[in-house]
2 protein chains.
Amino acid sequence: MTKNLYDDARITAVGLVMEVYAGLAARFAAQFEEHGLSTVEFEVLMRLARSPEHQLRMTDLAAQTSLSTSGVTRVVDRMERDGLLCRRACPSDRRSAYAVVTESGMARLGETLPGHIQLIQDWFIGQLEPAALESLLDSLRVVRDAVHPGATAGSRGGSAEATTPC
Amino acid sequence: MTKNLYDDARITAVGLVMEVYAGLAARFAAQFEEHGLSTVEFEVLMRLARSPEHQLRMTDLAAQTSLSTSGVTRVVDRMERDGLLCRRACPSDRRSAYAVVTESGMARLGETLPGHIQLIQDWFIGQLEPAALESLLDSLRVVRDAVHPGATAGSRGGSAEATTPC
DNA sequence: GCGGGAATATTGCTGTGTCTATAGTTGCTT
DNA sequence: AAGCAACTATAGACACAGCAATATTCCCGC
């Protein structure tokens with residue numbers, strides 16, 4: 001009757017987080033693909049669209065996503081080839097380059113976003129009572145602040161994103 | 001004063017889940033690496049260790065992890081090369097092959113697991129009041145059951161894992 | 001028994017990401 | 001002003017995972 005070491009309840013708790021993440025990620029990826037986007041491409045588009053003038057330096061973009069700077073170079077390569085983004089030289093620092101969203105990129109995001117939000121509503125927000133949802137978000141915030149992956153973006157910090165003037 | 005479309009609160013809620021996942025995953029990966037394991041290798045080791053006789057058919061292993069069957073073939077290749085696993089022919093079905101954990105593999109898992117559980121305690125379980133934790137897990141279960149990535153493993157279904165007799 | 005369809009694992013090909021090295025640029029120090 | 005360290009983006013080499021194709025084996029109907 002010795003309790004199996006590998007059935008520890010704490011592990012199943014994390015497994016739960018992983019399952020939820022994997023499930024949501026899979027649903028999202030499928031919906032992105034309907035619009036010809038990968039998950040990272042959507043993420044890049046979102047980050048840029050939320051930034052002033054729809055542009056960001058390559059380094060900053062890397063810092064705000066899950067990618068390395070090389071990874072950003074390659075994603076921007078693809079998206080530039082597809083006409084979603086374009087590079088722009090930084091006038092004040094010739095080392096830097098901006099990635100800026102094109103009209104086509106904004107249009108693509110605009111047609112992808114409503115379905116995405118609907119998915120969130122269907123599979124996440126809509127599944128819970130308002131009180132339970134609020135409680136869930138509070139708890140997640142606590143864990144997020146503790147685990148601190150690098151403080152990617154404030155919870156609702158507004159526009160004080162410390163983007164270098166350049 | 002038009003509310004920016006891209007600041008929708010529902011999106012930030014999902015962003016929270018993603019951040020928590022990414023943070024935990026990064027912490028875990030770093031700790032696994034201390035013991036010479038990748039995240040998927042740890043996952044494989046766990047799944048096998050929890051299975052009867054510490055073995056599973058390649059297909060079943062793929063179904064229980066986030067990998068395709070090709071992926072399992074390659075991971076098992078690496079782990080077999082490292083002495084953590086070995087393949088065993090299935091006596092009743094010559095198409096199938098078992099992946100079974102070696103003594104060395106169990107030892108590796110045994111030395112990795114305590115630190116892993118400690119990490120979970122430090123950054124996840126220990127961050128929350130017992131009531132908040134219970135509430136969080138309940139909510140996550142609701143979402144998990146809704147999003148259903150394929151019902152990888154019952155929440156605490158016990159041993160009725162429907163492993164084919166073979 | 002035996003022939004066709006399903007199942008199983010593996011392999012080649014491709015896509016994508018990281019790590020390391022490299023080249024160009026900037027600003028500070030002397 | 002020349003040297004030097006830090007920063008920025010990119011390119012090459014590698015690792016890893018998925019998809020499609022392949023070979024073998026099983027099972028079911030005849």
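The figures that follow rest on heavy atoms only: side chains count, while hydrogens, waters and symmetry mates do not.
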*Asks:* Return the polar atom pairs (N/O with N/O) between nucleotides 25-27 of chain D and the protein under 3.5 Å, or none.
*Replies:*
from: D:dT25; atom 1: OP1; to: B:Arg94; atom 2: NH2; distance (Å): 2.8
from: D:dC26; atom 1: OP1; to: B:Arg94; atom 2: N; distance (Å): 3.0

*Asks:* Side chain to side chain donor-acceptor pair (under 3.5 Å) with A:Asp138: which residues, sequence neighbours excluded?
*Replies:* A:Arg141
*Asks:* Check the distance between D:dT10's C1' and A:Arg57's CZ and give it to me in whole angstrom.
*Replies:* 15 Å
*Asks:* How many whole angstroms separate atom CZ of A:Arg81 from atom C1' of C:dT16?
*Replies:* 12 Å
*Asks:* Below 3.5 Å, can you tabulate the donor-acceptor pairs from side chains in residues 32-46 of chain A to any protein atom, sequence neighbours excluded?
*Replies:*
from: A:Ser38; atom 1: OG; to: A:Glu41; atom 2: N; distance (Å): 3.2
from: A:Glu41; atom 1: OE1; to: A:Ser38; atom 2: N; distance (Å): 2.9

*Asks:* Under the side chain to side chain donor-acceptor pair (under 3.5 Å) rule, collect the residues that match up with B:Arg94, sequence neighbours excluded.
*Replies:* none
*Asks:* Using a 3.5 Å cut-off and no angle test, enumerate the donor-acceptor pairs between side-chain atoms of residues 119-136 of chain A and protein atoms at least two apart in sequence or in another chain.
*Replies:*
from: A:Asp122; atom 1: OD1; to: A:Gln118; atom 2: NE2; distance (Å): 3.0
from: A:Gln127; atom 1: NE2; to: A:Asp122; atom 2: O; distance (Å): 2.8
from: A:Ser135; atom 1: OG; to: B:Ser135; atom 2: OG; distance (Å): 3.2

*Asks:* For A:Ala62, check side-chain contact (heavy atoms from CB on, under 4.5 Å) against everything at least two apart and list the hits.
*Replies:* A:Thr69, A:Val72
*Asks:* Sequence neighbours excluded, which residues qualify as side chain to side chain donor-acceptor pair (under 3.5 Å) partners of A:Arg74?
*Replies:* none
*Asks:* Show me the side-chain donor-acceptor pairs of residues 77-91 of chain B shorter than 3.5 Å, one per line, residues at least two apart or across chains.
*Replies:*
from: B:Asp77; atom 1: OD1; to: B:Arg87; atom 2: NH1; distance (Å): 3.1
from: B:Asp77; atom 1: OD1; to: B:Arg87; atom 2: NH2; distance (Å): 3.0
from: B:Glu80; atom 1: OE1; to: B:Arg87; atom 2: NH1; distance (Å): 2.7
from: B:Glu80; atom 1: OE2; to: B:Arg87; atom 2: N; distance (Å): 3.0
from: B:Arg87; atom 1: NH2; to: B:Thr73; atom 2: O; distance (Å): 3.3
from: B:Arg88; atom 1: NE; to: B:Gln55; atom 2: OE1; distance (Å): 3.4
from: B:Arg88; atom 1: NH2; to: B:Gln55; atom 2: OE1; distance (Å): 3.3

*Asks:* Okay, side chain of A:Ser68, backbone of A:Gly71: is any donor-acceptor separation there less than 3.5 Å?
*Replies:* yes
*Asks:* For residues 66-79 of chain B, which residues have at least one heavy atom under 4.0 Å from DNA chain D?
*Replies:* B:Ser66, B:Leu67, B:Ser68, B:Ser70, B:Gly71, B:Arg74, B:Val75, B:Arg78
*Asks:* Could you tell me how far apart B:Met58 (CE) and D:dT24 (P) are, to the nearest whole angstrom?
*Replies:* 18 Å
*Asks:* Separation of B:Leu61 atom CG from D:dA17 atom P, in whole Å?
*Replies:* 12 Å
*Asks:* In whole Å, I'd like the distance from the CD atom of B:Glu80 to the C1' atom of C:dT10.
*Replies:* 13 Å
